[in-house]
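In what follows, a structure is listed as structure tokens, so that the remarks can point back to it.
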Amino acid sequence: MTLADLARPWAAMSYGFLDASAKRELRRKMIKAVCVPGCQMPYASREVPMARGWGTGGLQVSLTLINPRTRVKVIDQGADDSVNAASIRRFLARVSGAPVTLDTLEADLIQSRHRVPEEILRSDQVLVLQVPNPEPLRPVQPNMSIARQMHADADYGRMWLQLYEQIVRSGRVMQGASYPSMVNGRHVMTPSPIPRWDVPKLHMARHLTILSAGREKRIFAVPPFTRVEPLVFDDVPYRVEDHGGLTCARSGARGVFMNEIPQSDGGSAHEVSDSEWGVKTIRHRDGEAVRMGETWYRDGRFVAPRPGPDPGPRSVRTDADPDPVPGGGAP
Amino acid sequence: MLTTPVADAAETRANATYEAILWAFSRPGMPRRMPHSGEAGVIEALIDRECAVHAADPLLIPPLLQAGARLVEPEAADHVFAGRLTDPALLGRCRAGSALYPDDGATLVIRARFGQGAGVRFVGPGVDGGVKLRIGDLPEGFWRDRARCVRYPAGVDILFLDGEGLIGLPRSTTVEVM
């Protein structure tokens, strides 16, 4: 045996930036995260050429899953064209050679900060959410060893107490984003700071969601068809933002999540948050042929995805579709 | 940055194998195809010097040592490669972790035959309603032992291999024997 047998050929950079051992560690932890939905699993969180807190957790997951055929979409607070989203997308493409897209329907891998796209995701898509603070118990228990014990005991009484105090003080639940949610009836997770509007999109969805906090070095996941139930009281139902009546000032889109743009006269205009949905709406209005996917919300009301096969045929490629093994499946 | 790095054969294999493994664990009971047959691809994608593994099948020891893993008893292993499961006691000896540290639960890789044997129904996260399937070539009382070693969120995650085929059984899945 020679040294050359034991070593790999020299390369300037590993494929997908992360070295093979970093990827294997992340793969092992991702399996555990998927097997215990909503439970935070510690991982090493390597250095990437980006400051921690800017999406390094999501980036490491994307770098592990990416291959030259993965079509990548990156979202920052709904927008594909913000500096952070554009930089991450360009970095992913540069270190992997993967094609990029802005269209939710074409994407295989969607890395996102603080939003879930408005179009319903399919079973062959993976959503990677960047998480700044993965610990839902931190506001009520800053000691993370005690918080771990509370997760082990499913001791979440203080989470409800926190919501109760908000209702007593303000008349309603004030938690706007990262609304604590019970996953698979066992672990409370913070669904990253997505708005309340987006939490129902994770419940019994067709796609796999991986949530990764690079700075806090924790990873957790929501597999497809998994219960994600926001913590509520029997007599105080969960409410999403009331954006059904708002119209986007630029595209005219209605019934989706909006950003409020303050105006100089003290009023406010609204703009669709999912930028690509706005672009599609404008192109559709101008008579261009665009494929607009089915949306989770219709006129501001959440519509459960229809049962049965995935919506719409795949336009890009089909080789990532599940191919059943002969002899397997139903007896 | 000069040029985009190119994925070599090992990286491509490991990436494709892992995509199948992640898909299988995300959708328990749904068979998925790996690019190559057998445990070699799984070892390449997951195992390295940081792992403590147990190999019940001696034929699997060389590739595991090649990957750099330490060989240990099942009680100490984070990955257990059972080969064809002949020892019914092995499942009970695998590490299940605890409610405090669920990530200590082992991953168990078992060779099986899909479409044969007792019918089972998987229910739980990742399954739309329930999925019925047959997994054969397992020892008597396997499903009872599996139910015993899962105390959710502690438990063992099982990957069944049949040639290139792959079925995941995470600890979150409830198995009903038909």
Side-chain angles (χ1 to χ4, degrees), chain A residues 8-9 11-17 20-21 23-25 27-37 39 41-42 64-68 93-97 123 126 148-149 151-153 183-184 186-187 204 208 221-227 307 320 322-331, chain B residues 1-8 10-12 14-16 18-19 21-23 25-27 30-33 45-51 78 98-100 102-103 105 107 113-116 119 124-129 131-134 152-153 155 157 162-167 170-172 178:
Chain A
R8 288 162 170 276
M13 187 198 282
S14 300
Y15 179 78
F17 188 80
S21 78
K23 286 183 183 174
R24 280 190 295 264
E25 197 256 351
R27 286 179 192 138
R28 296 193 293 265
K29 289 298 182 182
M30 258 192 263
I31 288 177
K32 294 299 155 193
V34 165
C35 290
V36 191
C39 181
M41 300 298 182
T64 305
L65 296 178
I66 207 163
N67 65 55
R94 267 195 189 167
V95 299
S96 70
S123 62
V126 178
R148 178 181 279 275
Q149 185 69 55
H151 279 295
D153 297 340
V183 183
N184 190 27
R186 176 60 179 80
H187 286 96
M204 300 305 270
L208 166 67
V222 178
F225 301 110
T226 301
R227 285 177 290 138
D323 46 350
V325 178
Chain B
M1 198 173 297
L2 301 171
T3 49
T4 297
V6 178
D8 60 13
E11 161 67 29
T12 307
N15 182 284
Y18 184 68
E19 190 181 311
I21 295 173
L22 188 66
W23 199 94
F25 271 126
S26 306
R27 292 159 181 91
M30 304 275 281
R32 179 81 172 178
R33 197 185 285 274
L46 299 180
I47 304 299
D48 58 22
R49 297 177 66 83
E50 295 170 15
C51 299
D78 46 47
S98 60
L100 207 50
D103 48 325
T107 307
R113 291 245 168 259
F114 302 165
Q116 300 177 8
V127 184
D128 187 9
V131 58
K132 287 180 189 169
L133 67 161
R134 287 170 184 276
Y152 191 82
D157 308 310
D162 181 1
E164 293 170 353
L166 188 65
I167 290 179
R171 64 189 83 172
S172 55
M178 309 289 278

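Quick caveat: nothing in here was measured; it's all calculated off a predicted structure. In the text below, chain A, chain B and the rest are named by the order of the sequence lines, each starting its count at 1.
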Measuring from atom OG of Ser21(A) to atom CZ of Arg49(B), what distance do you get when rounded to the nearest 0.5 angstrom? 11.0 Å
Proximity breakdown for Met41(A) and chain B, heavy-atom pairs closer than 4.5 Å: side chain
Would you find a donor on one side and an acceptor on the other, under 3.5 Å apart, between the side chain of Lys32(A) and the backbone of Pro102(B)? no
Is there a side-chain contact between Asn184(A) and Tyr152(B), using heavy atoms and a 4.5 Å cut-off? yes
Can you list everything that forms a side-chain hydrogen bond (donor to acceptor under 3.5 Å, both in side chains) with Asp48(B)? Sequence neighbours excluded, please. Arg24(A), Arg28(A)
Which one wins on heavy-atom pair count under 4.5 Å against chain A: Ile21(B), Leu46(B), Asp78(B), Leu22(B)? Leu46(B)
Got more than 12 heavy atoms from elsewhere within 6.0 Å of CZ, Arg148(A)? yes
Under the side-chain contact (heavy atoms from CB on, under 4.5 Å) criterion, do Leu65(A) and Tyr18(B) qualify, and how do the steps go? CA-CA 8 Å; Leu65(A) 296 178; Tyr18(B) 184 68; 3.9 Å; yes
Please answer whether the main-chain N or O of Val36(A) pairs with a side-chain N or O of Arg171(B) as donor and acceptor at a distance below 3.5 Å. no
Mind checking whether Phe25(B) and Ile31(A) have side chains closer than 4.5 Å, heavy atoms only? yes
Asn15(B) side chain to Ile66(A) main-chain N or O, any donor-acceptor pair under 3.5 Å? yes
Chain B contact via Arg27(A) - which portion, at a heavy-atom distance below 4.5 Å: both
Pick from Pro37(A), Ala20(A), Gly97(A) with the largest number of heavy-atom pairs that fall under 4.5 Å of chain B: Pro37(A)
If you round to the nearest 0.5 Å, how far is CD of Glu19(B) from CG of Asn67(A)? 6.0 Å
Chain A contact via Asp8(B) - which portion, at a heavy-atom distance below 4.5 Å: side chain
Stepwise side-chain contact (heavy atoms from CB on, under 4.5 Å) check, Val127(B) with Phe225(A): CA-CA 6 Å; Val127(B) 184; Phe225(A) 301 110; 5.9 Å; no
If you count heavy-atom pairs within less than 4.5 Å of chain A, which of Ala99(B), Pro125(B), Ala10(B) leads? Pro125(B)
In terms of heavy-atom pairs under 4.5 Å, which option from Pro153(B), Ser98(B), Ala16(B) contacts chain A the most? Pro153(B)
Quick check for you: among Ser172(B), Cys51(B), Pro5(B), Pro170(B), which has the greatest number of heavy-atom pairs under 4.5 Å with chain A? Pro5(B)
Heavy-atom pair with the smallest gap, counting every atom of Lys29(A) and Asp103(B): NZ-OD2, 3.4 Å
Are any side-chain N or O atoms of Thr4(B) and backbone N or O atoms of Ser96(A), one a donor and one an acceptor, separated by less than 3.5 Å? no
